[in-house]
Structure formats: structure tokens, C-alpha cells
A.B. asks: 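If you scroll down you'll find the structure; I have some questions about it.
When a residue number appears, it is its place in the shown sequence, counting from 1. As the structure is a computational prediction, the values presented were derived from the model and not from experiment.
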Amino acid sequence: METRPPELDRKLEQTSCIHVGDLHFWRFTKNPFRMLNKRALGIGNLALRRAKIFRQELAPYLAERISDVDPDWYLFSGDFTTTSLKPEFDAASEFLRPYIESKPGKIIYVTGNHDRYLARDHRSSFLEKALDWVGPGHRWPIMHEIAKGVHAIGIDGTTPNGMGSFGKLTAGEIDTVYQYLKKNQKKINVVIVICHFPYEAPTELMKHDRGIQLYNGDQLLKLLDKFNRPTFYL
């Protein structure tokens, strides 16, 4: 059984983080014009199945738990919404606001495929505008030293993919991460990567034949492996 070296635990004790993903706030739209696209399937799936799974009434209990932990940093890994409607982003903003106001600049968030449900959401930067007040920044990758030697990197894996749900990193994003790691390699002891999509999953847990994977996750994995630092992938 492998154990982490004591010096790694000491570094991690310098800061506390809480990781939250897939909040999936949802609202039904009454505007039929908003359903003349892929969203019609999403709303139908929500009505038939997902509304029972994405239990919004549990949000206050999650909020209470987060408040009890009182972390130094908040790490959100995407899918704040279900079909990227403005009322859903409003609900997510209402949930997030107390944490942002209590510790401004101490949140890193990335996007999920449900936050950019349509190709036009990418083109119009709808999510960036809806969550513009959150910060720090809304251009990815987001990179911060959250404690001495502990660096967090938020990666945006969402991509216009028609009816698909997979993620993909751009060459520019991968290169930016590489240049950051290379520039700061003497100062980095631990890396925390926040991304909505898994770069891989055990075979028995894989669904839809990589349909929800990070398509070029192997490139990111090779980069991190080459850098050779203890890495946590959220």
C-alpha cells in the first residue's frame, strides 16, 4: 500500500479547499423558441428523468456543509446548469454569491458541457457573461498559487460538439499550461487540476464508449507525467 510522503501532507495542510461539481440547477422554459434545437431533448430528459435526480432542494444542505468546512478556496468543476438557460445561471449565482462575497478572489471555476449546451453559447460567451461577477477571471486556463508550492489550474474542456457531450482541449490551452508549468517548475511542489471532463475512467465505469470523456486527455496526461509532480485531478 502506497502512502504519501510526509512533506506532501505538510504542503497540503497550508491551505484548505472544497471541490464541488455538477450542481445542475434547472428550470423549465415556457418559451417554445428556446426549444427549437438540442435543448428540446434536454428539457424532455429533464421532465422525464433528470428532475428527480438533480435534486435542487438539497442545495441548502450543501451550502450548510460548505459553510461548516469554511475553506480557503472554492473549486467548482462545471455544470452549474442543466440546459444553460439564464434562469438556471441566476439560480447558480444566487447559490454562489455568499461564498464569493465572503472570500473574494478565492474561487476557481471551470465550465461543463451543460453550461454551454448549444454551439451558439460558445460563440456568444454566454456563460462568461452570466458568471462574470464571480472571478478571478473568466478566461481559461486559470492558474493560481493557492498556497506556497501548491498550484491550481482550471481547464475549460467544453467544445461545440453538436449532439455530443465530450470534452476537448485546444492546442493553445495545452501549450499555455505547459508554459506555465515550465516557467514555475522550481516553485511548484503540488499541482491541482480542475476540469469538468475525466481524462480517463476505469473500463467498468466508462459510459457511451468515451462519449463523456476528454477526447485528447492523453495529451494532458503526458504533459503532467513529464512534469513529474504530485498531481490531483478534480
Side-chain angles (χ1 to χ4, degrees), residues 2-5 7-12 14-15 17-22 72-79 105-116 122 125 127-128 135-161 164-234:
E2 295 184 1
T3 57
R4 293 187 305 206
E7 61 271 20
L8 175 56
D9 283 324
R10 285 195 293 271
K11 292 182 177 69
L12 293 176
Q14 296 172 1
T15 189
C17 305
I18 193 162
H19 168 221
V20 179
D22 293 85
D72 298 314
W73 280 83
Y74 303 102
L75 310 177
F76 289 89
S77 57
D79 273 4
K106 296 294 186 178
I107 179 173
I108 295 176
Y109 78 90
V110 299
T111 62
N113 55 300
H114 284 262
D115 298 320
R116 286 181 172 155
H122 290 257
S125 299
L127 175 139
E128 287 87 340
H138 54 271
R139 294 293 181 267
W140 292 272
I142 296 174
M143 296 164 288
H144 283 281
E145 184 176 25
I146 61 176
K148 186 175 181 180
V150 181
H151 289 244
I153 301 175
I155 295 177
D156 176 18
T158 55
T159 181
N161 52 32
S165 300
F166 62 86
K168 186 178 181 180
L169 302 177
T170 65
E173 194 166 19
I174 293 175
D175 183 64
T176 300
V177 172
Y178 171 75
Q179 295 299 333
Y180 178 83
L181 294 176
K182 182 180 179 181
K183 178 181 178 180
N184 297 283
Q185 59 182 335
K186 292 183 179 180
K187 299 188 295 182
I188 298 177
N189 298 310
V190 179
V191 178
I192 300 175
V193 178
I194 307 105
C195 183
H196 180 69
F197 303 89
Y199 63 79
E200 190 56 278
T203 302
E204 64 273 16
L205 298 180
M206 201 174 291
K207 299 178 180 179
H208 309 303
D209 190 25
R210 300 188 65 83
I212 56 173
Q213 300 291 107
L214 189 63
Y215 264 28
N216 54 349
D218 57 327
Q219 297 180 32
L220 177 62
L221 190 60
K222 289 177 181 178
L223 187 160
L224 295 171
D225 187 52
K226 182 178 180 180
F227 185 65
N228 193 29
R229 293 290 190 280
T231 301
F232 296 84
Y233 190 97
L234 310 182

A.B. asks: For the pair Val193 and Val177, evaluate side-chain contact (heavy atoms from CB on, under 4.5 Å) and give the outcome as yes or no after the intermediate values.
C.D. replies: CA-CA 10 Å; Val193 178; Val177 172; over 6 Å; no
A.B. asks: Nearest 0.5 Å please: distance from the OH atom of Tyr233 over to the CD1 atom of Ile194.
C.D. replies: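 Atom-to-atom, Tyr233:OH and Ile194:CD1 are 10.5 Å apart.
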A.B. asks: Where the side chain of Arg229 meets the backbone of Ile188, is there a donor-acceptor pair that is under 3.5 Å apart?
C.D. replies: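 Yes, because the side chain of Arg229 sits within donor-acceptor range (under 3.5 Å) of the backbone of Ile188.
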A.B. asks: Measure the shortest side-chain to side-chain distance between Asp72 and Ile146 over non-hydrogen atoms and say whether it is less than 4.5 angstrom.
C.D. replies: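 Sidechains of Ile146 and Asp72: no contact.
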A.B. asks: Indicate yes or no for a side-chain donor-acceptor contact from Asp79 to the backbone of His114 under 3.5 Å, with no hydrogens or angles considered.
C.D. replies: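 Checking the backbone N and O of His114 against the side chain of Asp79, a donor-acceptor pair under 3.5 Å is found.
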A.B. asks: For the pair Asp225 (side chain) and Leu221 (backbone), establish whether a donor and an acceptor sit closer than 3.5 Å, ignoring hydrogens and angles.
C.D. replies: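 Here the side-chain-to-backbone pair does not exist.
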A.B. asks: What is the distance from atom CG of Asp218 to atom NZ of Lys222, rounded to the nearest 0.5 Å?
C.D. replies: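 The NZ atom of Lys222 is 5.0 Å from CG of Asp218, to the nearest 0.5 Å.
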A.B. asks: Are Thr158 and Asp115 side-chain neighbours, meaning at least one heavy-atom pair lies under 4.5 Å?
C.D. replies: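 No, side chains not in contact.
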A.B. asks: If you compare all heavy atoms of Gly154 against all heavy atoms of Ile108, which two are closest, and at what distance to 0.1 Å?
C.D. replies: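 Distance-wise, the nearest heavy atoms are CA-CG2, 4.2 Å.
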A.B. asks: May I have the step-by-step check of side-chain contact (heavy atoms from CB on, under 4.5 Å) for Ile155 and Leu214, ending in yes or no?
C.D. replies: CA-CA 11 Å; Ile155 295 177; Leu214 189 63; over 6 Å; no
A.B. asks: With rounding to the nearest 0.5 angstrom, report the NZ to NZ distance, Lys182 to Lys226.
C.D. replies: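 Separation between the atoms: 8.0 Å.
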A.B. asks: Side chains of Trp140 and Thr176: does their closest heavy-atom pair fall under 4.5 Å?
C.D. replies: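 SC-SC contact between Trp140 and Thr176 ruled out.
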A.B. asks: Are any of the side-chain heavy atoms of Thr170 and Thr159 separated by less than 4.5 Å?
C.D. replies: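 No, too far: nothing below the 4.5 Å cut-off.
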A.B. asks: Looking only at heavy atoms, which two atoms of Thr111 and His196 are closest? And how far apart?
C.D. replies: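 Heavy-atom minimum between the residues: O-CB, 3.2 Å.
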A.B. asks: To the nearest 0.5 Å, what is the distance between CD1 on Ile153 and CG on Leu224?
C.D. replies: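 Going from CD1 on Ile153 over to CG on Leu224, the span is 7.0 Å.
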A.B. asks: Measure the spacing between CZ of Phe197 and CG of Asn216 and express it to the nearest 0.5 Å.
C.D. replies: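 Those atoms lie 11.0 Å apart.
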A.B. asks: How far apart are the closest heavy atoms of His151 and Tyr180, and which atoms are they?
C.D. replies: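 Shortest heavy-atom contact: ND1-OH, 2.7 Å.
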A.B. asks: CE/Met143 to NZ/Lys183 distance, rounded to the nearest 0.5 angstrom?
C.D. replies: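 Atom-to-atom, Met143:CE and Lys183:NZ are 9.5 Å apart.
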A.B. asks: Tell me, with the steps shown, if Tyr215 and Leu169 meet side-chain contact (heavy atoms from CB on, under 4.5 Å).
C.D. replies: CA-CA 8 Å; Tyr215 264 28; Leu169 302 177; over 6 Å; no
A.B. asks: Which of these, Val110, Ile192, Val20, Ile107, sits in a side-chain contact (heavy atoms from CB on, under 4.5 Å) with Leu75?
C.D. replies: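 Between Leu75 and the candidates, side-chain contact (heavy atoms from CB on, under 4.5 Å) is satisfied uniquely by Ile192.
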A.B. asks: Have His19 and Ser77 got a donor and an acceptor in their side chains that come within less than 3.5 Å?
C.D. replies: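 Their side chains do contain a donor-acceptor pair, which is all the 3.5 Å distance test asks for.
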A.B. asks: Determine the minimum heavy-atom distance between Gln185 and Phe227, stating which atoms define it.
C.D. replies: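 For Gln185 and Phe227, the tightest heavy-atom pair comes out as CB-CE1, 3.4 Å.
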A.B. asks: Which heavy-atom pair separates Pro198 from Gln213 by the least distance, and what is that distance?
C.D. replies: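 Nearest pair, atom of Pro198 first, then Gln213: CG-OE1, 3.7 Å.
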